Structures are given as C-alpha cells and as structure tokens.
Amino acid sequence: MTTTSNPVLEDSADIRTTPRRSVGQMLLSSGTVLALIALIIFFFAMRPDVFLSFTNVKNILYQVAILAIIAGAQTIVMVVGDFDLSVAATSSLAGAVAASLMLGGMPIPLAILVALAVGLLIGLANGLLIAYVNLSAFVATLATLTSVTGLAFIVTQGTTLFNLPAGFNALGQGKFLEIPLPVFIAIAISLILWFVLKYTTLGRRWYATGGNVEVSRLSGVNVRRARLLAFTIAGLVSAIGGILLTARLGSASAVQGDDNLLFSVAAVFLGMTIVRSGAANIVGTMVGVAIIGVMSNGLNILGVNAYVQQVVTGLIIIAAVTLSSLKTRSR
C-alpha cells in the first residue's frame with residue numbers, strides 16, 4: 001500500500017516544533033557563557049573598585065594559565081571518549097624532575113627536555129594500557145596517578161625543592177607587555193590544540209573515535225593509534241604545565257597543582273555545553289577555565305574562606321556534569 005504525505009502539514013509541523021528545540025538548545029549552549037557573564041557582573045557589583053582593574057584581571061589570567069594548559073590536555077583525552085586522572089600528577093612529576101636535575105647541575109634546557117620526555121612517557125604508558133591492553137581509562141589512569149605521585153615523592157625526597165636557577169624561574173615569573181609569560185604560553189598551546197582538533201586529520205579522527213568507536217573502526221580509523229596519540233600528547237602538555245608551575249612558584253613538590261585535576265575535568269564538562277554536538281572542545285574548555293578563575297578570584301576578594309570555596313567547586317562540577325548530560329539528551 002502506497003502512502004502519501006502532505007507537504008503543507010509536514011512544513012507546518014516543522015514550523016511548530018523547530019523553534020521549541022532551537023530555544024532549548026540555545027539556552028543549553030549559552031548557559032555556560034551566561035554563567036561567566038553573571039559571575040563577572042556579580043563580583044564587579046560587589047567590588048567595583050578592584051575586580052575589573054587591570055591588575056586584578058592580570059592576576060586572574062596568571063592564576064588560570066597553568067589550569068588552562070592542564071585542561072587542554074584533559075580536553076584531548078575527553079575528545080576521544082576517555083579521561084585522564086593522572087594529568088595533575090604528571091605535571092607535578094615533570095616539574096619535580098626538572099627542579100631536581102637543575103639543582104644537580106644540569107643545564108636548564110636539557111633539564112626541561114628530560115621533564116618533557118617524562119610527561120611524554122607517562123602519556124604513552126597510559127595510551128598503551130588503555131588502547132592496547134584494553135584497560136578502562138579509570139583503572140589505568142588511577143594506577144598511573146598513584147605510581148606517578150609516588151615517583152614525585154621519590155624525586156623530591158618528600159620535601160620542597162628550592163633555589164632554582166633564576167633563568168628557569170623567569171619562564172614562570174617573567175612578563176611581556178606587563179602580562180606574565182605563562183599567559184602567552186597558555187594561549188599559544190590552546191591555539192595549537194584548537195587548530196589540531198578543528199583542522200587536521202588527526203583531530204577529525206579523535207572526534208570520530210569519541211563519537212562512535214565501532215563506526216570509526218569500520219570507516220578505516222586506527223582507533224587504537226588515535227587513543228594512544230591522544231594520551232601521549234596529553235602527557236606532554238601536562239608536563240609543560242608542570243614545568244611552568246614550578247617556574248612560577250620557584251619551587252617543586254610532589255603534590256603541587258593537585259587541584260588542577262578536578263578543575264580541569266570541571267572546565268571540560270562546562271565547555272561541552274558550548275557546541276551543538278556536546279563534545280569536548282578547546283574553546284568551551286577555556287570558557288570553563290575562565291569561570292573557575294573568576295569564581296576563585298572573586299571569592300578571594302570577598303574574603304570567603306577556602307572551605308567554602310571547596311564546596312562551591314564541588315557544586316560547579318555537579319552543575320557541569322548535569323549540563324553536559326542535558327546537552328547529550330537534547331541531541
């Protein structure tokens with residue numbers, strides 16, 4: 001039996017239903033940006049003499065520069081549908097290795113290269129365990145987190161390493177046009193990752209893998225290699241963040257920057273609501289980083305104690321995951 005359709009009725013149905021979906025999707029997509037704007041307005045209203053001053057804006061950028069790098073590493077892994085619990089520990093170990101080698105007399109460039117190699121190897125190990133041994137990302141990176149943290153304590157001998165070379169500290173404490181150097185480095189890394197994800201074959205393969213592993217495999221994508229490369233590059237980027245954090249602090253310890261793990265996950269989840277696909281993306285992640293930075297800075301200015309800030313951070317993570325889930329359902 002042949003059925004016919006009425007184009008007029010179909011068109012009117014589309015007209016009735018499309019705006020409703022569009023409004024809902026628009027609200028979900030703009031929610032994160034609106035939250036950032038609302039935070040800025042709120043803290044400016046509370047402290048108009050301080051919050052949007054050049055000095056404070058510069059401080060916010062300085063505070064989130066390292067987080068932006070770590071969150072960029074987390075974004076790569078989450079694009080392929082995984083996550084990495086070891087990014088913060090990898091950054092700590094890389095910074096500790098660089099500091100220990102320099103204190104032992106190794107030239108600054110060589111110490112930095114060794115620290116970068118350490119991050120690369122950790123990422124490679126994660127990738128091999130997940131892509132080729134078929135361990136879950138949670139199990140593999142949790143094990144790596146534990147082992148890497150232990151190695152960081154061994155390297156630092158459970159202490160904080162001080163008296164690093166002035167030339168090295170300049171990487172984290174120097175300025176250009178009155179803006180701290182880590183801000184420029186974070187922007188450069190974010191732009192590189194954005195370009196790779198948006199305009200290269202590798203980036204398309206990462207997104208395809210994260211979208212549907214089986215379809216990607218049937219389409220000729222080497223899924224194992226794509227996941228291996230994602231974790232390896234994430235390890236390298238995390239090491240860069242750790243080296244810069246050590247240079248900024250002028251010291252190294254086994255646990256510095258541990259908060260960046262949760263913050264990086266929250267930033268990526270917040271950013272996933274920006275795009276229609278609901279996938280991890282660098283632009284959205286940087287908006288998430290900005291929300292975390294503005295919130296932390298604003299609460300500090302208002303004199304809110306650190307314990308309350310931890311509660312707020314937890315609520316932000318819950319909100320980020322909830323928004324991401326709603327975004328996924330709306331597709």
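The structure displayed is predicted, hence computed values, not measured ones.
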- Item | For P180 against K58, the heavy-atom pair lying closest together | CD-CG, 3.7 Å
- Item | Within residues 164-191 or reaching into it, pairs that qualify as ring pair (Phe, Tyr, Trp, His ring centres under 6.0 Å) - sequence neighbours excluded | F176-F184
- Message: Do V87 and N260 make a side-chain contact, defined as non-hydrogen atoms from C-beta onward lying under 4.5 Å apart?
- Response: no
- Can you tell me how far CD1 of I233 sits from OG of S238, rounded to the nearest 0.5 angstrom? 11.5 Å
- Query: Can L171 and I112 be said to form a side-chain contact (heavy atoms from CB on, under 4.5 Å), step by step?
  - Reply: CA-CA 11 Å; L171 288 174; I112 291 175; 3.7 Å; yes
- Close side-chain approach of I240 to I189, heavy-atom, < 4.5 Å: yes
- With no hydrogens and no angle check, is any side-chain donor or acceptor of S92 less than 3.5 Å from a backbone partner on Q256? yes
- Item | Stepwise side-chain contact (heavy atoms from CB on, under 4.5 Å) test for T160 and S253 | CA-CA 5 Å; T160 300; S253 71; 3.9 Å; yes
- Query: Is N305 atom CG crowded by more than 12 heavy atoms from other residues, nucleotides or ligands, each under 6.0 Å away?
  - Reply: yes
- Message: Quick check: do L229 and R205 have side-chain heavy atoms less than 4.5 Å from each other?
- Response: no
- Message: Quick check on R248: does its CZ atom have over 12 non-hydrogen neighbours (other residues, nucleotides or ligands) under 6.0 Å away?
- Response: yes
- Heavy-atom pair with the smallest gap, counting every atom of A186 and A68: CB-CB, 4.3 Å
- Please check if the side chain of S100 supplies one atom and the backbone of A96 the other of a donor-acceptor pair under 3.5 Å. no
- Task: Under the side-chain contact (heavy atoms from CB on, under 4.5 Å) rule, what do N281 and Y207 come out as? Steps first, then yes or no, please.
- Result: CA-CA 10 Å; N281 63 98; Y207 273 116; 3.8 Å; yes
- Message: Distance check, rounded to the nearest 0.5 Å: F231 atom CZ versus I76 atom CD1?
- Response: 11.0 Å
- Task: Kindly compute the distance separating CD1 (I69) from OG (S190), expressed to the nearest 0.5 Å.
- Result: 7.5 Å
- Member of D259, V265, L261 meeting the side chain to side chain contact (heavy atoms under 4.5 Å, CB included) criterion with F263: D259
- May I ask you to test the V255-F153 pair for a side-chain heavy-atom distance under 4.5 Å? yes
- Heavy atoms only: give me the nearest N169-G250 pair and the separation to one decimal. OD1-CA, 3.5 Å
- Linking I/L/V/M/F/W/Y whenever their side-chain heavy atoms sit closer than 4.5 Å, directly or via other members, would M102 and I243 fall into one cluster? yes
- Query: Within the distance-only criterion (no hydrogens, no angle test), does the side chain of T149 pair as donor or acceptor with the backbone N or O of L145 below 3.5 angstrom?
  - Reply: yes
- Hey, quick one: are L142 and V268 part of the same hydrophobic cluster, counting side-chain heavy atoms closer than 4.5 Å, chains of contacts allowed? yes
- Query: If you group Ile, Leu, Val, Met, Phe, Trp and Tyr by side-chain heavy-atom gaps below 4.5 Å, do I291 and V304 land in one group?
  - Reply: yes
- Task: Starting at CD1 of I66, measure out to CG of L244 and round the result to the nearest 0.5 Å.
- Result: 4.5 Å
- V148 vs I122 side-chain heavy atoms within contact, under 4.5 Å: yes
- Are V213 and W206 connected, step by step, through hydrophobic side chains (Ile, Leu, Val, Met, Phe, Trp, Tyr) whose heavy atoms are closer than 4.5 Å? no
- Query: Just wondering, do I130 and T141 contact through their side chains at under 4.5 Å, heavy atoms?
  - Reply: yes
- Item | Reported CZ-to-CZ distance for the pair F83 and F138, which is rounded to 0.5 angstrom | 6.5 Å
- Message: Is there a path of hydrophobic side-chain contacts, each under 4.5 Å between heavy atoms, that joins V283 and M286?
- Response: yes
- Task: Heavy atoms only: give me the nearest T159-T156 pair and the separation to one decimal.
- Result: OG1-O, 2.8 Å
- Taking it one step at a time, do N134 and R224 satisfy side-chain contact (heavy atoms from CB on, under 4.5 Å)? CA-CA 10 Å; N134 293 323; R224 287 182 170 179; 4.1 Å; yes
- S86 meets the side chain to side chain donor-acceptor pair (under 3.5 Å) criterion, sequence neighbours left out, with D84, N126
- Taking every heavy atom of G241 against every heavy atom of S91, the minimum-distance pair comes out as C-CB, 4.5 Å
- Item | CD (E214) with more than 12 external heavy atoms under 6.0 Å | yes
Please list every donor-acceptor pair under 3.5 Å in which a side-chain atom of residues 36-56 meets a protein atom from a residue at least two apart or in another chain.
unit_1	atom_1	unit_2	atom_2	d
R47	NE	D49	OD1	3.4
S53	OG	V50	O	2.7
S53	OG	N56	N	3.3
N56	OD1	N297	ND2	3.1
N56	ND2	F51	O	2.7
N56	ND2	N297	OD1	2.9

- Note on the structure: Interatomic distance, CG@L124 vs OG1@T232, rounded to 0.5 Å, equals 4.5 Å
- Task: Measure from the side-chain N and O atoms of S147 to the backbone N and O of T144, and report whether any donor-acceptor pair falls under 3.5 Å.
- Result: no
- Which heavy atom in I108 sits nearest to a heavy atom in G167, and how many Å separate them? CD1-C, 4.0 Å
